[in-house]
Every structure is written in structure tokens, then in C-alpha cells.
There are 2 protein chains.
Amino acid sequence: MNEMTPKNPFKKSFFDLKELVDSIHENLLCPVTIEDTNHRLHAYSSHEDDTDAARIGTIISQRVPEKVINRLWKEGIIPKLMQSDAALRIPHIEDIGLRDRVAIAIRKNNEILGYIWVVEGPRKLMNEQLDLLKDAASAATPLMAKLYQNRKRKEENYQDFFWQLLTGQYKSLKEIHDKFYDLNLRMPDSFTVLTFRFQQDITRKMEEQLSYLITTSQKIINHFLVVMDEELILIASPHPSQPADEAFDDFISFFISEMANRFSILDVEGAYGTSYGDIDKAETSYQEASKVLEMKKRFPEELENVFHFRRLGVFRYMDVLHKDQRAKRYEHPAIAKLETYDRLHNSNLLKTLEVFIQQDSNMNDAAKKLFVHTNTLHYRIKRISEIGSIRLSDVNEKLGIYLDLKARKFDEK
Amino acid sequence: MNEMTPKNPFKKSFFDLKELVDSIHENLLCPVTIEDTNHRLHAYSSHEDDTDAARIGTIISQRVPEKVINRLWKEGIIPKLMQSDAALRIPHIEDIGLRDRVAIAIRKNNEILGYIWVVEGPRKLMNEQLDLLKDAASAATPLMAKLYQNRKRKEENYQDFFWQLLTGQYKSLKEIHDKFYDLNLRMPDSFTVLTFRFQQDITRKMEEQLSYLITTSQKIINHFLVVMDEELILIASPHPSQPADEAFDDFISFFISEMANRFSILDVEGAYGTSYGDIDKAETSYQEASKVLEMKKRFPEELENVFHFRRLGVFRYMDVLHKDQRAKRYEHPAIAKLETYDRLHNSNLLKTLEVFIQQDSNMNDAAKKLFVHTNTLHYRIKRISEIGSIRLSDVNEKLGIYLDLKARKFDEK
DNA sequence: GACTCTTTTGTGAAATCTCACAAAAGACTA
DNA sequence: TAGTCTTTTGTGAGATTTCACAAAAGAGTC
């Protein structure tokens, strides 16, 4: 074998990724695939039978299986790939059918455009061959970039359209239909607006990561995505594999925890509006999702596990109630009396009442929540109705006070 | 006609109000009256027949009829007149026999001394003529001032004062105290506004009967009383012999049943606002009482036994909730689904849900109310939460639906 | 009419809740 | 420090609620 570094077989221009992949295969004699940043398959070498389960799965579904992606993240392989210029060896991971591999990121300046994966046979690749992959990656760069450019141009059009949908610019459903047709988009049968709020502006880099998460989650099908300062908005449908009712709850939990785990981006809040059939309700769904976020900010404990507008319950009305309360400068006399009593006797009657009602007037549950004996609570409730002269047995009166209590907290802090 | 502003025909001294009134009549060719602040008639132009019922009533009784005064207050006309330097047009109010008019306050510095009223004929007055009235008012000032000097300050008729209290005309408590002193009235330590609504206008005769009932009831001490069309309004305190908390409830029940028993006057509704210490809260208390009446009309079953504002509970907010619901055109999906289900299967799930929540989620009570077996209700509730995909175990969600259900009924019928 | 699916009613045992009574602990006052 | 009032905790019996299971009745379809 020649001691010199072999001359670069990739220093020519390739017509497309397929041609490049075949060329890599010829040089390394191993199965090769090229994926984009979202692990979508764009080209793979054929004419070989020495391959593994993960690769077959990828080729069949045009995409790297979720299980494999998760594992690669968990093992820290993807982050390492993203940071390295050179090709890396990835030891086999038996239980997901991944044999020994070599991979390298395709990059343009600092931006990752995709990955080249090579399945190693029994004869391992030599270092010179790994170096060759670097050249292959360089050769892939313009091809991948072209791919992204096309996508980006389309995206810009989408973004405008998307905003117009969300802000109710379109007056008729027909108009929206036409626009969908123009942009060559499939109109979803039903859709939901999801929104996420971050603690900081969303950078270009974060945007990549989150769009990566969305496409790989396999929980929802995303139709539109837009980033606006510190807010991320999606129009999506549940993924067919998911139970529709929970798909979005699941996705939001998934998204928030993965943003934290994978990217250390904390304090993300998410919510979604009602699902509608006709896309002209996009504005409504968006406003609903925004309202959930707004209320979650004001009532973090109460709405900790609420993401869907439908589950807002009374909090759906908290803003108007609070506004009315302010306008009328009304304070429920019972609340005023209890507050005074609490201050004078260093007691906790107001909080007790709130917890009691919130626990559906169940003495035992409420007592547990308050860390007191059931009879203590019993006694307190008796005192509360005496001091505030309220009849807790009257549902309407009880709930009225509950609303007042909550509305007071609307702009606490 | 001369294009120049006509010279001031009132820039001379008049011997008395009669002379002034005639001069105004000559200049405007419309019927004119001059009243003092208590709407007592002091002068009126004669020699014309083009006049209306209100004016005739005024001339005959030497005073503007009570009904007309009350209406002018309620419509905000008197307050506007009191604040304006210029003459104001008052559009006709058919049902009290008031034709189109123009009026202007007679004032000395900032004190109101009375009013000039002009009945407009078919030919409306022109702006120059309205300006003329300003001069006429100035001419009236010394004449009215003389009148007041001669007259004792104490007024036997408190009606105006009462209206001013109820419509919040007084800006400071001090002002009200002074007025009480002027009128030689004892200021109540604490008070409450009660209001009753009749099915028909309250006649002079009924007025006697009800004022008789009030004084003989021995349940409340009445400070003020006013009758306004079909409404009776009181400012009162509990009678010392009565337990304060129940005095008003008792009185209202008593009053309603006695009106029916003794005088066969049926369908009277009564309500009262919060008790306040400072009389400047009279307006608030009155508005509270009115709100109770309004809500009782809309939710007769729910509020059958509610008279006090404090006991309105959630219904205190029903108007804003309903308004919000309409504005957002939002219907809770669970309600929509249940309604459809009811229609398709001839069932009663919506009503069941409402009763269930209203019975404080007590299966037994609710089953009794619905005349079904406990287990039937148990089954239905299970179905309801399935069909509407609601978690009745979540208080906030449950309560939210309850509010929606009630708000829907806001303007049923 | 047979069949299926939904709804209502019945039964009873286990779990849970309510409430009266009493003792103990704290708080405040004289 | 005793005395009073308020608040908390403990105990336990009786009432109430919950829930699984099953039978019966109704509704709708073929």
C-alpha cells in the first residue's frame, strides 16, 4: 500500500447526494447513509448486504428510528459528533441493533447540516480512511446546503402565512384554502396551536435544537412553526400513533423535559388551545394557548399540571373576575373579616378556607394538605363560617368566595 | 333676520320672576317656567296653550311631580344641568309626559339657585336663542337669591337629597354631614339600602300602604324612602329589637307576604345591599341591591331565598361571565358534546350535571333532586365525564363548567 | 323477534366520613 | 400563677358514601 496520504477522491463536484454516497461506498467498502440534522435520510448506498437492524429501520422509514436517536443522545454521541470536526467511532449498542460505526458531521462554518454514517464490517477502517471521511463531509456540504436553501425559501413564505393565520388576517376560509394551495401545503383535517414560552429570547441555535426535538418526538405532526422573541408557536396535529387526547400533554411534557435534559434550557412553559377543524380558527386556538400561559404565570401552583385550555376551569375567567373586582372596589366582607382575624390572632383561616374548597370540601384531604388533624380542620371550618357568617353548605355562596379568593391572587407579587 | 348677535334683552333689572318669565316668553315664544333647587315652581309664563302634561302637573301642584323629578335624576339630567353653564337640550321622555325641552341652571358663583325650563314647540330653538337663555339665567340670579334669603333653609322634602345620595352626587363625606345638619336629620350609625320591585307602577294609594307597613313592621328603622315608578327604595337600619343579621331578610319576607295578604299586591321582589357605616357608600349599597334584583329575575329558582348581596355567591359575577362568554363566542366543548348527546339520545345529561354540581357533588342529594336511583346518577356521572372528557374530580374544572352552565342561562327566555 | 348496546335499578360489603365528647396544649389576662 | 378562652388532637360509634356485581328494562338495528 502506498505510504502517502491517498489523493482526495472527493475533490470533484457531485451531482447529488446519491452519487456521493456511492463514491464513499466505493472507497470504504462499507454501507453508508447521509442524514440531515433531523435524522431524516437523504441518501444511502445500495449493493451490499452486510448491514444491521438500525440501518434497515432507517432506510425503510426514511428516518432514523426514535429509539436509536434517544439512545445516541443518552450516550452523549450526538453532542460529541456535533462538536467534532473529525470522524468518530461509535461502539456497537447491541439492544438497539446498532453495530460498530463511524460517523462524521457535515458542517458549513459552525452550522451542522447533517451526518454521514458508515457501518463497519468485521474489518475495521483504518485512520487514513477516517480522514477520507472528512473530505467526504466537505464534499457533502454544498449538496446539503442547497437542500436547506430550498427549504428556507419555502419557510420564509410559510412564516408570513403562519403569522397571518395566527393574527386572523384572513377573513374567509376560502382565502386560506387558496393560500394553502398556492404554497403547495396539505391542509390538516384538524389542528391545534401550541405555544412555548422561554425565559430568554430564542437564539438561532436554540431554534435548531427545538425544531430538532419537535420532528424527532414522534408525538405530534407539526404543520407550522414560528419563533417570536421568547415564544415558540406551533400548529400541529396529534401523531397517528398517539392517543389524540393525550398527545399534546405528552408532547409538552416531553418537550420541556428534553429541553432541560439535552440542552439545559430550563423554565420553559408550554400550553395549547382547543383543536379545531377549520383552519380559520387558528387565531382563536392561539389566543387560548396564550391565555393558558398567562394564567400559568399567575397561578403556578394551581395550574402546574394544566396545559390545555379546556382544563383551565375557573381560571379561564380569572382575568374578567379580577377586573370586575377592581372596578367595583369590592371585597367580600367574609374575606375581610377573616383576614383581620388572621392578622390579630396569627392564624390561617383564609388559607384554610381556600384549601378546603379547593379539596372539594373534603375534610380529610384538606386536613392532609394543611398538615393538621381532621378535627382541627373541622373546628376551623366551623369558626370560619361563624366569623365570616358564610354558609359553606350553600354551593353558590361557597364558590363565590372561592372565586373571590382566587381573583385576589391574580396580581399578587 | 339680522345677522348680528341680538343685543341682550335681559340686561336690565326685573321687578320679579314673573316679569322675567314673561320677557323670556316674549323673546323665545315658548312656554317657560322657573323652579328652585327643590323643583318648587316660582314663576311660569301664561298666555299660551302649547304645553305638555309635565308642565301642567307642575303648575297645578306648584311643584314638579315626584315622578318627573325621579326620572330626571335617574337619566342623569339634573346632574348634567348642575354642571353646565349653558342651556341644555333635554330630549322628550314620553312616558312621563315630557316634551322636548331646553333648560339651564340659575347659579350664583358655584351655588345652584334654580332652573329655567323652556318647552320647545314644533319649531326648535336656534343656537342664538339658547345663548340668550344664559343671559336670562344671569338676570334670574338676584331674584332667586332674594327668595332663598327669605326662605328657611330647612326643606321638608328630602327626596332630592336622597337621590343625590343614591346616585353618588356627593363627593365628600363632610358635604353629606353638613347636609344632614342643614336638614336637621340624624345621621344613622350604619345603614343599608333596600329595594323592592313591583309588577306595576306604585300608585299614591299603594305608597300609603307600604309606608304604613314599613313603620309598623318593627323590624327595621327607616331613614329615607323613595318611590320610583315600580321601585321602592329605603335607607334603613335594623330595629334594635332584631338580630341584626336577619333583620333585613325577615323584613323583606314580612313585607312581601303582607303586601300579598293585606293588599293583594303580588309578585313583589325585594333585596338589599351591604351595610355600611359611612353614608357616602349609599350609592354602592343601592347598586348592590339592584344587582340582586336583576339576578333574581334571571335566576329565579337559584336565588329564590337570596335577598342579600353577600349571599349572591357566584351569581354576583354572572353578568360579566356571560358578557365574556358572548364576546369570545366560546362554548365549553364538554357542554357542546353533552348537549348533542342529549338531543340524539333524548337524555338529560346536561341537567344532571348541573344538579349534581349544585348539590355539592353529593350523589345522594342530587339523585333525590333528580328522582333517580343513586346508582343511576353514579352511572350517569361516569358517562358524563367520558362523553365530555371532563375530570369532575378537579374542582377548578368542575367549577368552570358550572359557571359556564349558569352563564348560558343568563338570558334564556 | 333476536341481538346488541345502553340505561336503570337493586343488593350488600367495605371504606370513608361526620360528629359528639373529652382531654390536652396554647394564648392571654389579671 | 391561676383562670379563662381558644385551638388542637384523640377516640370511637354511627351514619353515609362508594363501588363492584348483577339483573332487568329500554332502545335501536337487522
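Proteins come first, then strands; the chains are lettered A, B, ... in the order of their sequence lines, and each starts at number 1.
Between Asn375(A) atom CG and dA20(C) atom P the separation is 11 Å, expressed in whole Å.
Within a heavy-atom distance below 4.0 Å of DNA chain C, the residues of residues 336-371 of chain A found are Asn362(A), Met363(A), Asn364(A). Contact check of residues 380-388 of chain A against DNA chain D (heavy atom, cut-off under 4.0 Å) returns Arg380(A), Arg383(A).
Residues that satisfy the salt bridge (Lys or Arg N to Asp or Glu O under 4.0 Å) test with Glu246(A), not counting sequence neighbours, are absent from this structure. Scored by the salt bridge (Lys or Arg N to Asp or Glu O under 4.0 Å) test, Glu304(B) finds no partners at all (sequence neighbours excluded).
A salt bridge between Glu386(A) and Arg383(A) is present, with a side-chain N of the basic residue lying under 4.0 Å from a carboxylate O of the acidic one. Classification of Lys337(B) and Glu331(B) as a salt-bridged pair fails, no side-chain N sitting under 4.0 Å from a carboxylate O. A salt bridge does not link Arg343(B) with Glu339(B): every distance from a Lys NZ or Arg NE/NH1/NH2 to an Asp or Glu carboxylate oxygen is 4.0 Å or more. With respect to Lys351(A) and Asp342(A), no salt bridge is recorded, no charged nitrogen being found less than 4.0 Å from a carboxylate O.
Judged as a ring pair (Phe, Tyr, Trp, His ring centres under 6.0 Å), the pairs with a partner in residues 337-379 of chain B (not counting sequence neighbours) are, in order, Tyr341(B)-His345(B).
With contacts defined as side-chain heavy-atom distances shorter than 4.5 Å, the pair Lys368(B)/Met363(B) does not qualify. Residues Phe315(B) and Glu302(B) meet the side-chain proximity criterion, which asks for heavy atoms closer than 4.5 Å.
Around atom NZ of Lys219(B), more than 12 heavy atoms belonging to other residues, nucleotides or ligands sit under 6.0 Å away.
The span of DNA chain D lying next to chain B, judged by atoms under 4.0 Å from heavy atoms, is bounded 5' to 3' by dT17(D) to dA20(D).
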